[in-house]
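Let me begin by presenting the structure, written as structure tokens, before commenting on it.
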Amino acid sequence: RFAVGGDADISAVGNVLVNQGVQNPVANTVAGNLDMAAPEIALQRTVVTGNADLNAVTSLTGQVEVGGTTALDADGGSIDLNLASTGLATASANDIIIRGINNNPLTFAQLTTDFGGAIINGSGTVTIQNATLANAGEVRSSVGNVIINQATVTTGNLFVEADNDARLG
């Protein structure tokens with residue numbers, strides 16, 4: 001477990017693995033901003049009160065709750081993350097799976113995949129301002145609306161399912 005009273009800037013030539021294999025770990029906390037860069041990032045129950053900038057080369061996995069903006073990047077690999085983000089989020093990877101947690105809304109300023117598709121399962125309203133997907137996309141909300149302002153899907157379909165309203169364009 002780690003607890004940081006201010007900002008945390010963590011970079012590694014090797015991987016960053018936090019609480020892996022620990023059942024029901026106590027949440028890791030960062031009272032400020034978290035900036036993390038490594039080939040592989042695996043976080044379990046990490047709470048950031050400020051902004052989070054997570055940059056992985058091959059894999060970004062786990063669970064993170066962010067009080068500010070969230071930037072997720074796994075340019076040469078995949079994102080598979082449970083996420084709560086109070087501020088705007090961006091995500092870019094070969095393929096993306098993001099599950100919303102705590103019934104919080106998720107708002108993506110930009111969602112980009114280079115080769116694969118994206119699956120966004122929200123537990124609150126999901127808003128995507130702009131999406132550029134190389135392959136098929138799925139956007140769902142089990143407790144709210146799905147709002148997609150602009151989306152480009154190169155190959156495949158875009159599937160949208162909302163518990164309430166679905167708004168496109």
Side-chain angles (χ1 to χ4, degrees), residues 1-114 116 118-132 139-147 149:
R1 172 179 188 264
F2 66 85
V4 180
D7 294 342
D9 188 347
I10 301 167
S11 65
V13 174
N15 300 325
V16 176
L17 310 172
V18 179
N19 288 344
Q20 296 306 296
V22 177
Q23 296 296 321
N24 302 315
V26 173
N28 303 297
T29 57
V30 177
N33 299 320
L34 174 61
D35 187 357
M36 189 175 285
E40 176 184 340
I41 297 173
L43 300 172
Q44 200 173 53
R45 289 199 63 204
T46 300
V47 178
V48 180
T49 58
N51 302 322
D53 187 355
L54 307 176
N55 293 283
V57 176
T58 59
S59 176
L60 174 54
T61 61
Q63 177 174 317
V64 65
E65 300 172 37
V66 183
T69 61
T70 304
L72 308 172
D73 186 12
D75 200 32
S78 63
I79 296 171
D80 187 347
L81 200 64
N82 296 332
L83 175 67
S85 181
T86 303
L88 286 174
T90 60
S92 177
N94 287 346
D95 56 90
I96 298 170
I97 299 173
I98 294 177
R99 291 166 294 280
I101 55 175
N102 303 335
N103 292 333
N104 289 329
L106 285 175
T107 302
F108 291 92
Q110 181 67 43
L111 190 63
T112 305
T113 63
D114 297 326
I119 298 172
I120 309 296
N121 287 317
S123 61
T125 293
V126 176
T127 302
I128 299 174
Q129 294 176 352
N130 189 35
T132 305
V139 182
R140 293 185 170 93
S141 175
S142 60
V143 183
N145 302 319
V146 171
I147 302 162
N149 296 328

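Taking all atoms of both residues into account, the shortest heavy-atom contact from Ala93 to Gly77 is CB-O, 3.5 Å. Closest of all the heavy-atom pairs between Phe2 and Val18 is CE2-CG1, 3.6 Å. Shown here for Pro39 and Ala12, the closest heavy-atom pair between the two residues is CD-O, 3.5 Å.
Scanning for side chain to side chain donor-acceptor pair (under 3.5 Å) contacts around Asp53 gives Asn55, with sequence neighbours left out. Listed by chain and residue number, Thr49 satisfy the side chain to side chain contact (heavy atoms under 4.5 Å, CB included) test with Ala31 (two or more places apart in sequence, or in another chain). By the side chain to side chain contact (heavy atoms under 4.5 Å, CB included) test, Asp7 pairs with Asn33, sequence neighbours left out. Ser85 is linked by a side chain to side chain donor-acceptor pair (under 3.5 Å) to Thr70, counting only residues two or more places apart in sequence or in another chain. Every residue meeting the side chain to side chain contact (heavy atoms under 4.5 Å, CB included) condition with Asp114, not counting sequence neighbours, appears here in chain and number order: Asp75, Asn94, Thr112. With sequence neighbours excluded, the residues that form a side chain to side chain donor-acceptor pair (under 3.5 Å) with Thr69 are Asn51. Listed by chain and residue number, Leu72, Ile79, Ile96, Ile98, Phe108, Leu111 satisfy the side chain to side chain contact (heavy atoms under 4.5 Å, CB included) test with Ala91 (two or more places apart in sequence, or in another chain). By the side chain to side chain donor-acceptor pair (under 3.5 Å) test, Thr113 is found to be paired with no residue, residues two or more places apart in sequence or in another chain being considered. Under the rule for a salt bridge (Lys or Arg N to Asp or Glu O under 4.0 Å), the partners of Arg99 that lie at least two apart in sequence or sit in another chain are Asp80.
We find the OG-CD1 distance between Ser78 and Ile97 to be 7.5 Å, quoted to the nearest 0.5 Å. Rounding to the nearest 0.5 Å places CD of Glu65 at 11.5 Å from OG1 of Thr29. For the atom pair Asn15 CG and Thr58 OG1, the distance stands at 6.5 Å (nearest 0.5 Å).
Residues Asp73 and Leu54 have side chains not in contact (no heavy-atom distance under 4.5 Å, counting atoms from C-beta outward). Looking at Met36 and Leu43, their side chains come closer than 4.5 Å, going by heavy atoms from C-beta outward. Proximity of Leu81 to Val64: side-chain heavy atoms (C-beta onward) are separated by under 4.5 Å at one or more points. Side-chain atoms of Val16 and Glu40, non-hydrogen and from C-beta on, never get closer than 4.5 Å to each other. At a threshold of 4.5 Å between non-hydrogen side-chain atoms, the residues Leu88 and Gln110 do not count as touching.
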Go through Arg140 and Val146 one step at a time and tell me if the side chain to side chain contact (heavy atoms under 4.5 Å, CB included) criterion holds.
-> CA-CA 7 Å; Arg140 293 185 170 93; Val146 171; 5.8 Å; no
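Listed for the Asn102 side chain is no donor-acceptor partner under 3.5 Å among the backbone atoms of Ala84.
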Tabulate below the donor-acceptor pairs under 3.5 Å that side-chain atoms of residues 120-129 make, not counting sequence neighbours, or state none.
from, atom 1, to, atom 2, distance (Å)
Ser123, OG, Gly100, O, 3.4
Ser123, OG, Asn103, N, 3.0
Thr125, OG1, Asn145, N, 3.2

